[in-house]
S.K.: 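Sharing a structure below in structure tokens format, with a few things to ask.
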Amino acid sequence: MTRTASKTGSQTMPEKVTVDLGDRAYEIFVGQGLIENAAMYVAPLLKRARVTIVTDENVAQLHLDALQKSFTDNNITSTPFILPPGEKTKNFEQLQHLLGALLDAGVERGDLIIALGGGVIGDLTGFAASVLRRGVDFAQIPTTLLAQVDSSVGGKTGINVPQGKNLIGAFHQPRLVLADTDALTTLPPRQFRAGYAEVVKYGLINDPSFFDWLEANLDNTMNGDVATITKAIVTSCDAKAHVVAADEREGGVRALLNLGHTFGHALEAATGFSDRLIHGEGVAIGMTMAFELSVHLGLCSGQDAVRARRHLTKAGLPTRLSDIPGNLPDARALIDLMAQDKKVVDGTLTFILARGIGDAFITRDVTPSDLLAFMTDQETT
Ligand SMILES: NC(=O)c1ccc[n+]([C@@H]2O[C@H](COP(=O)([O-])OP(=O)(O)OC[C@H]3O[C@@H](n4cnc5c(N)ncnc54)[C@H](O)[C@@H]3O)[C@@H](O)[C@H]2O)c1
Ligand SMILES: [Zn+2]
């Protein structure tokens, strides 16, 4: 992984993070103006002068014209497919619809498909690209903070099914990621905060000095200071790039990136993948619960759990079950939902716990009785 920033004249060049996967290595560019200059980055990947763009209605209204203009100005034909926004789009029906539309549009094996949007569009488009004609190339232009720091990097693609989230999918790495910080200026604040939970995750997993930095820079981040946000995104992408290069298919350390996600996914399922709780919010509650469970098991100091919760709360994120509007299923039902998570091996739940801030680890040693006692306790706090 290399990280570079350079300046030509007064124009700041984007920062660059490389995901080192041998002949499938690719670059993540982070900076301003990347959507309006996308053709410059995409053109070297094209075998013929055409691309298809998959996006959602919200993003199309705000950023599709600028992207298409960049292609038109460079004599590249672009064909957009605009899907409904929201988590419910990540399903079989939309996948089938998208694959049919891509075939009807004559997308060939050597073509490039671009995902312009948040994690929903990135995951669905990446999966479609992985199976279309047995695999075509795709590029990610993530437009949410969550997608810029997490979902656009690492090649996990997929859809949700009634049995659970992301249970059908494939590993399919993008050829390029363009994280344009200008796109974040149109993002609703709630979505920005939810993405910020994934940024905090990298500090909590294994980078205590990044967590310190995040604490010191929270106001600048939340006030939209571009330099601060760029640094947060680059550090996050760098962390993810290292983990993905070390363990692309999650045989080991990559599972650390699931900190907070076993709880979070269960809560998302319990709230019907609805606006009651969006992914990053579930992760914020889940990470706090992972720290609390670590304290409950005598593995982590209470102060560190308090510090993690305090930072997430200051960032405007929920950290308790009682922060979720409406009723939730009881402790046993939540545990059943956790058991549907794909991180189950031989029926035993895998947890990411922590010995402290920046010291997370993977364990399968949480007993069902410990978990039930902990979850019952959570219901009442
Ligand atoms: N593949 C992975 O490794 C990975 C990692 C983390 C999360 N995910 C997945 O990512 C998904 C969540 O992604 P998300 O939080 O980006 O959600 P999302 O794609 O639903 O986007 C959130 C909302 O913001 C809107 N939006 C997007 N960009 C915008 C912009 N620039 N301005 C205004 N509105 C904008 C979208 O239309 C949508 O309504 C989940 O399905 C989750 O499972 C995948
Ligand atoms: Zn996540």
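Just so it is clear, the values below take in all heavy atoms, side chains as well, and ignore hydrogens, waters and symmetry mates. Atoms within a ligand are numbered from 1 in the order they appear, just like the ligands themselves.
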S.K.: State plainly whether the residues Glu215 and Arg307 are in salt-bridge range, i.e. N to O under 4.0 Å.
M.R.: yes
S.K.: Does Asp150 come within less than 4.0 Å of Lys240, counting only side-chain N to carboxylate O?
M.R.: yes
S.K.: Tell me: protein heavy atom nearest atom 12 (C) of ligand 1, and distance?
M.R.: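 Ranked first by proximity to atom 12 (C) of ligand 1 is Leu146 CD2, 3.8 Å.
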S.K.: Counting non-hydrogen protein atoms only, what is the nearest one to atom 21 (O) of ligand 1? Give residue, atom name and distance.
M.R.: Thr144 CG2, 3.6 Å
S.K.: Write out the residue and atom name of the closest protein heavy atom to atom 26 (N) of ligand 1, then the distance separating them to 0.1 Å.
M.R.: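 So the nearest neighbour among protein heavy atoms is Val59 CG2, 3.8 Å.
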S.K.: Glu268: heavy atom below 4.0 Å from ligand 1, yes or no?
M.R.: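 Not so, Glu268 does not reach ligand 1.
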S.K.: Among Gly195, Gly126, Ser151, which residue places a heavy atom closest to atom 8 (N) of ligand 1?
M.R.: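 Of the listed residues, Ser151 has the closest heavy atom.
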S.K.: Within a distance under 4.0 Å of any heavy atom of Gly118, pick out the atoms of ligand 1 and give their elements.
M.R.: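 So the answer, numbered in order with elements, is 16 (O), 19 (O).
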S.K.: For atom 42 (C) of ligand 1, what's the nearest protein heavy atom and its distance?
M.R.: Lys165 NZ, 3.6 Å
S.K.: Contact between Gln303 and Val306 at the side-chain level, heavy atoms closer than 4.5 Å - yes or no?
M.R.: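 Side chain of Gln303 against side chain of Val306, heavy atoms only: no contact under 4.5 Å found.
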S.K.: Determine whether more than 12 heavy atoms belonging to other residues, nucleotides or ligands lie under 6.0 Å from atom CD of Glu57.
M.R.: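 Yes, enclosed.
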S.K.: Do other residues, nucleotides or ligands put more than 12 heavy atoms under 6.0 Å from the CZ atom of Arg332?
M.R.: no
S.K.: Go through ligand 1 atom by atom and flag the ones less than 4.0 Å from a non-hydrogen atom of Lys240.
M.R.: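 In order of number, 3 (O).
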S.K.: Can you tell me which portion of Val120 lies within the under-4.0 Å heavy-atom range of ligand 1? Options are side chain, backbone, both, or neither.
M.R.: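 Both of them.
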S.K.: Any donor-acceptor pair under 3.5 Å linking the side-chain atoms of Thr186 with those of His63?
M.R.: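 Judged by distance alone, the side chains do pair up.
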S.K.: Between Tyr202 and His242, is the ring centroid distance below 6.0 Å?
M.R.: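 Judged by ring-centre distance (under 6.0 Å), Tyr202 and His242 do not meet the cut-off.
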S.K.: Looking only at distances, please establish whether an N/O atom of ligand 1 is found under 3.5 Å from an N/O atom of Lys156.
M.R.: yes
S.K.: Kindly indicate whether the side chain of Val161, heavy atoms from C-beta on, has any atom under 4.5 Å from the side chain of Phe92.
M.R.: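 Yes; the side chains approach each other to less than 4.5 Å.
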S.K.: Check each heavy atom of Arg190 against ligand 1 and say whether those closer than 4.0 Å belong to the side chain, the backbone, both or neither.
M.R.: neither
S.K.: To the nearest 0.1 Å, how far is atom 25 (C) of ligand 1 from its closest protein heavy atom, and which atom is that?
M.R.: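 Going by distance alone, atom 25 (C) of ligand 1 is nearest to Asn58 ND2, 4.1 Å.
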S.K.: Taking 4.0 Å as the limit for heavy-atom contacts, which would you say applies to Lys90 with ligand 1: side chain only, backbone only, both, or neither?
M.R.: side chain
S.K.: Please determine, by modelled atom types, if Arg309 and Thr319 share a side-chain donor-acceptor pair under 3.5 angstrom.
M.R.: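 Yes, because at least one side-chain N or O of Arg309 sits under 3.5 Å from a partner of the opposite role on Thr319.
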S.K.: Flag the pair Phe263 / Phe351 as yes when their ring centroid distance falls below 6.0 Å, and as no otherwise.
M.R.: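 Centroid distance Phe263-Phe351: below 6.0 Å, so yes.
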S.K.: Give the atom numbers and elements of ligand 1 that come within less than 4.0 Å of a heavy atom of Leu62.
M.R.: 32 (N), 33 (C)
S.K.: Using side-chain contact (heavy atoms from CB on, under 4.5 Å) as the criterion, point out the one residue from Asp225, Ile229, Val226 that pairs with Asn220.
M.R.: Asp225
S.K.: Side chains of Asn160 and Lys88: donor-acceptor distance under 3.5 Å anywhere?
M.R.: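 No, Lys88 and Asn160 have no side-chain donor paired with an acceptor closer than 3.5 Å.
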S.K.: Is Ala194 close enough to touch ligand 1? Criterion: a residue heavy atom under 4.0 Å from a ligand atom.
M.R.: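 For ligand 1, residue contact (heavy atoms, under 4.0 Å) with Ala194 is absent.
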S.K.: Centroid separation under 6.0 Å, is that true for the rings of His172 and Phe138?
M.R.: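 Judged by ring-centre distance (under 6.0 Å), Phe138 and His172 do meet the cut-off.
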S.K.: Is a donor from one side chain sitting under 3.5 angstrom from an acceptor on the other, for Thr72 and Asn74?
M.R.: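 Not at all, the side chains of Thr72 and Asn74 share no donor-acceptor pair under 3.5 Å.
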S.K.: Return the residue, atom name and 0.1 Å-rounded distance of the protein heavy atom closest to atom 40 (C) of ligand 1.
M.R.: Glu87 OE1, 3.2 Å
S.K.: Tell me, please: is Gly122 in heavy-atom contact with ligand 1, that is, under 4.0 Å?
M.R.: no
S.K.: Is it the side chain, the backbone, both or neither of Thr157 that has a heavy atom closer than 4.0 Å to ligand 1?
M.R.: neither
S.K.: For Pro188, counting its heavy atoms only, list the atoms of ligand 1 lying under 4.0 Å from any of them.
M.R.: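 Heavy-atom distances to Pro188 below 4.0 Å select 33 (C), 34 (N).
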S.K.: Taking C-beta and beyond as the side chain, do Val54 and Leu124 meet within less than 4.5 Å on heavy atoms?
M.R.: no
S.K.: Are the aromatic ring centres of His279 and Phe273 under 6.0 angstrom apart?
M.R.: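 No: the rings miss the under 6.0 Å criterion.
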S.K.: What do we get for Asp56 next to ligand 1 when only non-hydrogen atoms under 4.0 Å count, side chain, backbone, both or neither?
M.R.: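 Under 4.0 Å from ligand 1, Asp56 contributes side-chain atoms alone.
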S.K.: Considering both backbone and side-chain atoms of His279, is one of its nitrogen or oxygen atoms within less than 3.5 Å of a nitrogen or oxygen in ligand 1?
M.R.: no
S.K.: So which protein N/O/S atoms does the Zn ion (ligand 2) have within less than 2.8 Å?
M.R.: Glu198 OE2, His261 NE2, His279 NE2
S.K.: Between Pro85 and ligand 1, is there a nitrogen or oxygen pair with a distance under 3.5 Å?
M.R.: no
S.K.: Pull out every atom of ligand 1 sitting under 4.0 Å from any heavy atom of Asn166, numbered as shown with elements.
M.R.: 43 (O)
S.K.: Go through ligand 1 atom by atom and flag the ones less than 4.0 Å from a non-hydrogen atom of Ala183.
M.R.: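 Numbered from 1, ligand 1 contributes 30 (C), 31 (N).
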S.K.: Ion pair present between Glu15 and Lys231, side-chain N to carboxylate O less than 4.0 angstrom?
M.R.: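 Salt bridge: no.
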S.K.: Could you name the option among Leu116, Asp150, Thr186, Leu145 that has the heavy atom nearest to atom 33 (C) of ligand 1?
M.R.: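 Result: the heavy atom closest to atom 33 (C) of ligand 1 is in Thr186.
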S.K.: Is ligand 1 less than 4.0 angstrom away from at least one heavy atom of His63?
M.R.: yes
S.K.: Does Gly117 reach ligand 1 with a nitrogen or oxygen that is under 3.5 Å from one of the ligand's nitrogen or oxygen atoms?
M.R.: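 For ligand 1, there is no N or O atom that lies under 3.5 Å from one belonging to Gly117.
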S.K.: Checking side-chain polar atoms at under 3.5 Å, does Gln68 have a donor or acceptor matched by the opposite partner on Ser78?
M.R.: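 Present: a donor and an acceptor within the cut-off.
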S.K.: Can you tell me which residue and heavy atom of the protein come closest to atom 10 (O) of ligand 1, and the distance to 0.1 Å?
M.R.: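 For atom 10 (O) of ligand 1, the nearest protein heavy atom is Gly119 CA, 3.3 Å.
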S.K.: Side chains of residues 97-111: which donor-acceptor partners sit under 3.5 Å, not counting sequence neighbours?
M.R.:
unit_1	atom_1	unit_2	atom_2	d
Arg109	NE	Arg133	O	3.0
Arg109	NE	Gly135	O	3.2
Asp111	OD1	Arg48	NE	2.9
Asp111	OD2	Arg48	NH2	2.7
Asp111	OD2	Glu108	N	2.8

S.K.: Could you identify the single nearest non-hydrogen protein atom to atom 28 (N) of ligand 1 and state the distance to 0.1 Å?
M.R.: Thr143 OG1, 2.7 Å
S.K.: With a 4.0 Å heavy-atom cut-off (strictly under), which part of Ile278 contacts ligand 1: side chain, backbone, both or neither?
M.R.: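 Looking at Ile278 and ligand 1, no heavy atom falls under 4.0 Å.
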S.K.: Over 60° means perpendicular and under 30° means parallel, so classify the ring planes of His261 and His265, tilted if in between.
M.R.: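 Judged by the thresholds at 30° and 60°, the geometry between His265 and His261 is perpendicular.
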S.K.: Is it the case that the side chains of Asn258 and Glu250 hold a donor-acceptor pair, with the cut-off being a distance below 3.5 Å and no angle test?
M.R.: yes
S.K.: Does the N or O separation between Asp123 and ligand 1 drop below 3.5 Å for any pair?
M.R.: yes
